[in-house]
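Below is one structure; the comments refer to it alone.
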Amino acid sequence: MAVRAKQIFVNLPVKDLKKSVEFFTKVGFEFNANFTDESATCMIIGENIYAMLLVEERFQSFINKEISNAANTAEVIVALSVDSREEVDTIVQAALDAGGKPYNDPQDHGFMYGWSFQDPDDHLWEVSYMDLSSFPAQE
C-alpha cells in the first residue's frame with residue numbers, strides 16, 4: 001500500500017513568534033487563528049500545506065534532541081512550487097524586503113527556475129517553478 005497523506009504540517013522552531021508572523025505576513029502568507037496562541041501559530045502555505053511556527057520552548061517539548069542552530073546547520077529546506085517564474089521572484093523579493101536573507105542566487109535550468117531565502121530564524125526556503133512542457137526528453 002502506498003502512503004498518501006491528506007495534509008502536511010512542517011514544524012519549525014522560532015525565537016520570536018511575533019517577529020516571524022510579521023515577516024511571513026509581509027511575504028504574503030496568512031495564518032489560522034484557531035491554531036494560534038502565544039507560543040505557536042499555523043501558517044497557511046497552500047491547500048492542506050501548513051507550517052507550525054513554534055517558539056523554541058514549545059518546539060522542544062515535542063522532541064528529545066537538541067534544536068538545530070539553523071544559522072550554522074541545515075536539517076531541512078522547505079521547498080515550495082508555484083505557478084510562474086514571476087511568482088518565484090515576487091515571493092523571494094518580498095522575503096528579502098521583509099528582512100530575510102538571500103541564500104542562493106536564482107537558478108535557471110530552462111525547465112525549472114528557483115530562488116531561495118532564509119527567514120529570521122535562518123530556516124531555508126526555496127521557491128521554484130517547473131515548466132514540465134520544457135522538461136528534457138528521456139532517451
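Computed from heavy atoms alone, side chains included, the values below leave out hydrogens, waters and symmetry copies.
- From Ser116, atom OG reaches atom CD of Gln107 across 7.5 Å, with rounding to the nearest 0.5 Å.
- Leu80 CG to Glu87 CD: the interatomic distance, rounded to the nearest 0.5 Å, is 10.0 Å.
- Counting heavy atoms from C-beta outward, His123 and Val10 have side chains that stay 4.5 Å or more apart.
- Taking all atoms of both residues into account, the shortest heavy-atom contact from Leu17 to Ser39 is CD2-C, 3.8 Å.
- Checked by atom type and distance alone, the side chain of Trp115 pairs as donor or acceptor with a backbone atom of Asn104 at under 3.5 Å.
- Ion pairing between Asp131 and Arg85 fails under the 4.0 Å rule for side-chain N and carboxylate O.
- In terms of the salt bridge (Lys or Arg N to Asp or Glu O under 4.0 Å) criterion, residue partners of Lys15 (sequence neighbours excluded) are, by chain and number, Glu56.
- Under a 4.0 Å N-O distance rule, the pair Lys19/Asp121 does not qualify as a salt bridge.
- Atom CG of Asn32 sits about 12.5 Å away from atom CE of Met43, to the nearest 0.5 Å.
- Residues forming a side chain to side chain contact (heavy atoms under 4.5 Å, CB included) with Glu75 (at least two apart in sequence, or on another chain): Ser68.
- Residues Ile45 and Leu124 are members of separate hydrophobic clusters, defined by side-chain heavy-atom contacts under 4.5 angstrom among Ile, Leu, Val, Met, Phe, Trp and Tyr.
- In this structure, Val82 is not a member of the same hydrophobic cluster as Ile44, with clusters built from ILVMFWY side-chain heavy atoms closer than 4.5 Å.
- Under the 4.5 Å side-chain heavy-atom criterion for grouping Ile, Leu, Val, Met, Phe, Trp and Tyr, Met52 is connected to Ile63 within one hydrophobic cluster.
- Residues Leu96 and Pro102 are in side-chain contact: their nearest non-hydrogen atoms beyond the backbone lie under 4.5 Å apart.
- In this structure, Val21 is a member of the same hydrophobic cluster as Val78, with clusters built from ILVMFWY side-chain heavy atoms closer than 4.5 Å.
- Residue Asp16 holds its CG atom at 11.5 Å from CG of Leu53, rounded to the nearest 0.5 Å.
- Side-chain contact check for Ile67 versus Gln60: some heavy-atom pair is nearer than 4.5 Å.
- Of all heavy-atom pairs between Thr36 and Cys42, the closest is OG1-N, 3.8 Å.
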Do Phe35 and Phe9 pass the side chain to side chain contact (heavy atoms under 4.5 Å, CB included) test, and can you show the C-alpha distance, the side-chain angles, and the key distance before you say yes or no?
CA-CA 12 Å; Phe35 297 100; Phe9 291 84; over 6 Å; no

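- A distance-only check finds no donor-acceptor pair linking the side chain of Gln93 to the backbone of Val88 [under 3.5 Å].
- Considering CZ of Phe29 and CZ of Phe23, their distance stands at 9.0 Å, rounded to 0.5 Å.
- Between Tyr113 atom OH and Tyr129 atom OH the span is 12.5 Å, to the nearest 0.5 Å.
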Chi angles and distances behind the side chain to side chain contact (heavy atoms under 4.5 Å, CB included) call for Phe31, Thr25:
CA-CA 8 Å; Phe31 298 85; Thr25 297; 3.3 Å; yes

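- Contact check for Val27 versus Trp125: no side-chain heavy atoms found under the 4.5 Å cut-off.
- More than 12 heavy atoms of other residues, nucleotides or ligands shown are found within 6.0 angstrom of CG on Asn72.
- Ile91 and Ile77 end up in different hydrophobic clusters when Ile, Leu, Val, Met, Phe, Trp and Tyr side chains are linked at under 4.5 Å.
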Evaluate Tyr103 against Asp105 for side chain to side chain contact (heavy atoms under 4.5 Å, CB included), listing each step before the verdict.
CA-CA 7 Å; Tyr103 189 66; Asp105 291 330; over 6 Å; no

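- A donor-acceptor pair is defined here as one N or O able to donate and one able to accept, closer than 3.5 Å; no such pair exists between the side chain of His109 and the backbone of Met130.
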Pair Asp122-Lys101, side chain to side chain contact (heavy atoms under 4.5 Å, CB included): steps then yes or no
CA-CA 8 Å; Asp122 295 305; Lys101 294 178 252 178; 2.4 Å; yes

